[in-house]
Amino acid sequence: LGIDRCRLTLAFIGRLTPIKRIDRITELARLCKKNSLDVQFIVAGEGTEFQSVQKLIESEKLPIQLLGWRSDIERVLSAADALLLTSDNEGTPIASIQASLLGVPTISTNVGSLSDIVINGKTGILTSTSVEDLYQEILKVYDDPKVLEELGAAARTFAQQKFSVKRFLEEYENLYLSLLH
């Protein structure tokens with residue numbers, strides 16, 4: 001993917017549409033660049049905002065790499081130190097579950113059902129929709145990279161317990177058995 005492994009890498013995976021608020025990522029990239037933070041953002045996805053974001057990245061030389069639509073999300077996540085979600089609304093973000101299963105913590109706005117997937121401060125970081133709050137959380141993990149390792153390990157354990165195929169099969173079996181009785 002051409003990722004510099006020496007830099008803090010934050011990945012966004014999703015549709016580039018207004019509700020996903022890719023503008024927050026560009027603003028975070030501006031803040032990181034302005035404050036000389038060695039942070040890179042990778043964005044996997046396409047959508048209505050793709051071309052405008054691409055032009056903005058090029059004109060401002062922001063540390064964002066647009067990957068376009070990808071079928072190898074595991075590869076993208078394995079290159080990331082954290083998944084970054086900046087949406088105004090989420091249902092059940094599969095990207096966060098995938099990241100957690102790979103031991104990659106999520107830093108996200110606390111919207112929708114994210115709190116069912118991310119335990120704030122234990123398996124990831126949930127914050128308000130404010131760019132400043134998101135930036136402050138990025139600063140914390142930038143200053144102490146061990147935090148991401150600890151969150152990632154806890155995220156993997158939690159996700160394996162809550163979202164594993166084995167657990168889903170057991171729940172389906174229990175449902176069918178309860179219906180038979």
Side-chain angles (χ1 to χ4, degrees), residues 1 3 7-35 37-70 73 76-102 104-143 145 147-148 151-152 155 159:
L1 297 174
I3 304 301
R7 300 172 75 190
L8 177 64
T9 303
L10 303 174
F12 170 88
I13 296 169
R15 295 169 300 140
L16 304 186
T17 59
I19 200 162
K20 297 296 185 178
R21 297 300 302 266
I22 192 74
D23 62 304
R24 288 185 179 129
I25 292 176
T26 57
E27 186 58 33
L28 289 167
R30 277 188 197 105
L31 286 167
C32 289
K33 181 181 174 184
K34 175 184 169 191
N35 294 302
L37 295 184
D38 200 13
V39 178
Q40 62 189 340
F41 299 81
I42 54 177
V43 175
E46 291 187 1
T48 57
E49 306 289 305
F50 188 90
Q51 289 183 341
S52 61
V53 170
Q54 188 174 37
K55 288 176 185 173
L56 186 67
I57 291 167
E58 290 169 5
S59 70
E60 295 187 33
K61 296 184 179 15
L62 295 175
I64 302 173
Q65 182 178 351
L66 292 178
L67 302 175
W69 186 87
R70 302 291 295 225
I73 295 307
V76 174
L77 287 169
S78 69
D81 296 300
L83 176 69
L84 180 63
L85 298 178
T86 55
S87 301
D88 278 337
N89 191 17
E90 285 286 348
T92 303
I94 301 300
S96 186
I97 295 171
Q98 289 174 303
S100 295
L101 286 167
L102 292 170
V104 177
T106 299
I107 300 172
S108 178
T109 52
N110 189 6
V111 297
S113 65
L114 265 146
S115 61
D116 293 333
I117 299 167
V118 176
I119 302 169
N120 189 36
K122 296 187 183 199
T123 65
I125 298 168
L126 297 175
T127 187
S128 77
T129 56
S130 154
V131 170
E132 184 57 35
D133 287 349
L134 283 161
Y135 180 69
Q136 290 303 316
E137 296 302 333
I138 291 170
L139 277 177
K140 288 177 191 174
V141 299
Y142 183 82
D143 289 336
V147 170
L148 289 177
L151 292 172

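Pairing each heavy atom of A82 with each of V104, the nearest pair is CA-CG1, 3.6 Å. Residue P63 comes nearest to K33 through the heavy atom pair CD-CB, 4.4 Å, listed as atom of the first residue, atom of the second, then distance. Shortest non-hydrogen contact noted between I138 and C32 is CG2-SG, 4.5 Å. Taking every heavy atom of both residues into account, S128 and L134 meet most closely at O-CG, 4.3 Å. The nearest pair of heavy atoms linking T123 to A155 is O-CB, 3.4 Å. Counting all heavy atoms, side chain and backbone alike, R70 lies closest to A44 at CG-CB, 4.0 Å.
Counting heavy atoms of neighbouring residues, nucleotides and ligands inside a 6.0 Å radius, atom CZ of R30 exceeds 12 of them. Counting heavy-atom neighbours within 6.0 Å of E132 CD, excluding the residue itself, gives a total above 12.
A distance-only check finds no donor-acceptor pair linking the side chain of T86 to the backbone of I25 [under 3.5 Å]. Distance alone, capped at 3.5 Å, is enough to place a donor-acceptor pair between the D81 side chain and the T9 backbone. No donor-acceptor pair closer than 3.5 Å links the side chain of K140 to the backbone N or O of V147. At least one donor-acceptor pair closer than 3.5 Å links the side chain of S113 to the backbone N or O of G91.
With contacts defined as side-chain heavy-atom distances shorter than 4.5 Å, the pair I125/P105 does not qualify. Side-chain atoms of S130 and Y135, non-hydrogen and from C-beta on, never get closer than 4.5 Å to each other. For the pair D23 and L56, the minimum side-chain heavy-atom distance is 4.5 Å or more. No side-chain heavy atom of D88 sits less than 4.5 Å from a side-chain heavy atom of V111. P93 has its side chain within reach of L85: a pair of non-hydrogen atoms, C-beta onward, lies under 4.5 Å apart. Within the 4.5 Å cutoff, the side chain of N110 has no heavy atoms near those of the N120 side chain. Using a 4.5 Å cut-off on side-chain heavy atoms (C-beta onward), T92 and D116 make no contact. Inter-residue side-chain proximity for E90 and S108 is flagged as unmet; no heavy-atom pair is nearer than 4.5 Å.
Considering only residues two or more places apart in sequence or on other chains, S115 meets the side chain to side chain donor-acceptor pair (under 3.5 Å) condition with none of them. Under the side chain to side chain donor-acceptor pair (under 3.5 Å) criterion, T109 pairs with no residue, sequence neighbours left out.
Taking OG1 of T106 as the reference point, atom CG of L151 lies at 10.0 Å (rounded to 0.5 Å). Distance check: D133 CG to T127 OG1 gives 4.0 Å after rounding to the nearest 0.5 Å. How far CD of Q40 is from CG of L8: 8.5 Å, rounded to the nearest 0.5 Å. Note that CG of L101 and OG of S96 are 9.5 Å apart. Values are rounded to the nearest 0.5 Å. Atom CG of N89 is separated from atom NZ of K20 by 8.0 Å, given to the nearest 0.5 angstrom. For the atom pair L10 CG and I42 CD1, the distance stands at 9.0 Å (nearest 0.5 Å).
Looking at L139, L31, L28 one by one, the single match for side-chain contact (heavy atoms from CB on, under 4.5 Å) with L37 turns out to be L139.
Salt bridge absent: R24 and E27 never bring a charged side-chain N and a carboxylate O closer than 4.0 Å.
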> Is there a side-chain contact (heavy atoms from CB on, under 4.5 Å) between D38 and Y142 once you walk through the steps?
Replying inline: CA-CA 9 Å; D38 200 13; Y142 183 82; 3.6 Å; yes
